[in-house]
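Here, residue 1 is the first one in the sequence, and each next residue gets the next number. Hydrogens, waters and symmetry mates play no part in the numbers below; they use all other heavy atoms, side chains included. Please read these numbers as outputs of a predicted model, since none were measured by experiment.
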Amino acid sequence: MKKKLLAAALAAVMVLGLTACGSNAGFTEDDLVFKGDEEITVDKDYAVIVYEDAAYYMGITNDDYEEIAGDFETSRGLGLGMTLDDYKKLYGVKNGYAVWELFSGDNNEYTSFDAYSNQSADEMYEDANNVWLDLAWCKEGGKWRAMTDVEVRDTWFCDADYDDFDEIVFLSVNLDDMDEVIGLAIYYVTYDEDWSEYQAWE
């Protein structure tokens, strides 16, 4: 599992003058659906991860693990081979609400985050071996709201207090150095000790 490399300076560079609507105020349960040869709905405490050669449906709080077949895309139509621009248009990616997840080290054993500020994936590959661009939404009072980049980082690294969040959906998009989508993942989690154990940060 990944080991974290805390990006202490991240908070200083993240955009905190945010607009009210977040990256996408229209997130709904429909966004938990992957479409392909069949439809896969990501249940709570499960994840779907899609690559060109394989796709997986797996449990976060249990040992459920299933390889799924087919060419899957999100319910909004984001699929492999599309581009960063497509992602930005379909999901309203914008400063203050998106964060780069960067893998480095000989075996990609280090994970750090950097604020999204309209960089290309190619720029981020200057300091990383593998690059994902993440969004997240949390449920508050029965409604979903877009999470800020700092909140995404802190809940992914399990640094935020458990009392501050309940249900969270992370959308992670793997991009190559040509800004092409090469992987997709949705994690629908209960933010608690089980999520922290699943992440297994040291």
Side-chain angles (χ1 to χ4, degrees), residues 2 4-5 7 9-11 13-15 17-19 21-27 30-36 40 42 47-56 68 70-137 146-153 155-157 168-188:
K2 303 165 287 185
K4 88 178 148 181
L5 176 66
L10 179 62
V13 298
M14 285 185 164
V15 179
L18 308 173
T19 59
C21 62
S23 62
N24 186 2
F27 182 86
D30 290 340
D31 288 305
L32 295 168
V33 175
F34 272 93
K35 298 179 179 178
I40 301 291
V42 185
V48 167
I49 302 174
V50 176
Y51 293 104
E52 183 177 1
D53 55 350
Y56 307 95
I68 52 180
D71 296 323
F72 289 96
E73 62 183 29
T74 70
S75 62
R76 300 192 196 191
L78 184 66
L80 302 181
M82 298 180 75
T83 67
L84 175 58
D85 282 342
D86 295 322
Y87 181 26
K88 290 160 66 173
K89 290 174 185 174
L90 289 169
Y91 286 90
V93 177
K94 65 182 182 182
N95 298 359
Y97 291 91
V99 62
W100 292 103
E101 184 180 358
L102 309 173
F103 292 82
S104 60
D106 292 339
N107 298 303
N108 287 332
E109 68 266 34
Y110 301 114
T111 305
S112 61
F113 280 78
D114 199 356
Y116 171 76
S117 56
N118 298 314
Q119 309 99 320
S120 67
D122 182 51
E123 291 177 73
M124 307 314 293
Y125 271 99
E126 294 176 5
D127 298 311
N129 303 329
N130 196 7
V131 167
W132 297 72
L133 184 57
D134 299 345
L135 301 174
W137 299 262
M147 295 172 66
T148 67
D149 44 16
V150 174
E151 290 175 325
V152 177
R153 177 204 61 186
T155 52
W156 188 259
F157 276 156
I168 298 175
V169 173
F170 296 95
L171 170 62
S172 297
V173 176
N174 194 193
L175 297 152
D176 66 14
D177 59 4
M178 299 295 290
D179 281 355
E180 183 174 310
V181 177
I182 57 174
L184 296 165
I186 288 181
Y187 299 82
Y188 182 11

Using the side chain to side chain contact (heavy atoms under 4.5 Å, CB included) rule, take Leu102 and Trp132 through it: C-alpha gap first, then chi angles, then the decisive distance, then the call. CA-CA 7 Å; Leu102 309 173; Trp132 297 72; over 6 Å; no
Assess the residue pair Phe170 and Thr155 against the criterion (side chain to side chain contact (heavy atoms under 4.5 Å, CB included)); give the C-alpha distance rounded to whole Å, side-chain angles, the decisive distance to 0.1 Å, and a yes or no. CA-CA 10 Å; Phe170 296 95; Thr155 52; 3.4 Å; yes
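- Annotation for Asp176 and Tyr125: closest pair C-CE1, 3.4 Å, computed over non-hydrogen atoms.
- Leu84 and Ser120 get closest at one heavy-atom pair: CD2-CA, 4.2 Å.
- The CD atom of Glu52 sits 9.0 Å away from the CG atom of Asp71 when rounded to the nearest 0.5 Å.
- Across all their heavy atoms, Asp122 and Asp177 have their closest contact at CB-O, 3.3 Å.
- With 3.5 Å as the limit, one finds no donor-acceptor pair spanning the side chains of Ser117 and Asn95.
- When the side-chain hydrogen bond (donor to acceptor under 3.5 Å, both in side chains) test is applied to Asn129, the partners found at least two apart in sequence or on another chain are Asn108.
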Dump the intermediate steps for side chain to side chain contact (heavy atoms under 4.5 Å, CB included) on Tyr187 and Ile49, then the final yes or no. CA-CA 8 Å; Tyr187 299 82; Ile49 302 174; 3.5 Å; yes
Run the side chain to side chain contact (heavy atoms under 4.5 Å, CB included) check on Leu184 and Phe34 step by step: do they pass? CA-CA 10 Å; Leu184 296 165; Phe34 272 93; 4.2 Å; yes
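- Of all the heavy atoms in Leu135 and Ala98, the pair that sits closest is CD2-CB, 3.5 Å.
- Smallest separation of non-hydrogen atoms from Ser104 and Asp127: CB-O, 4.2 Å.
- Scored by the side-chain hydrogen bond (donor to acceptor under 3.5 Å, both in side chains) test, Asn118 finds Tyr116 as partners (sequence neighbours excluded).
- The shortest distance between side-chain heavy atoms of Phe157 and Thr111 falls below 4.5 Å.
- Asp179 is linked by a side-chain hydrogen bond (donor to acceptor under 3.5 Å, both in side chains) to nothing, counting only residues two or more places apart in sequence or in another chain.
- Taking CG of Leu171 as the start and CG of Asp31 as the end, the distance is 8.5 Å to the nearest 0.5 Å.
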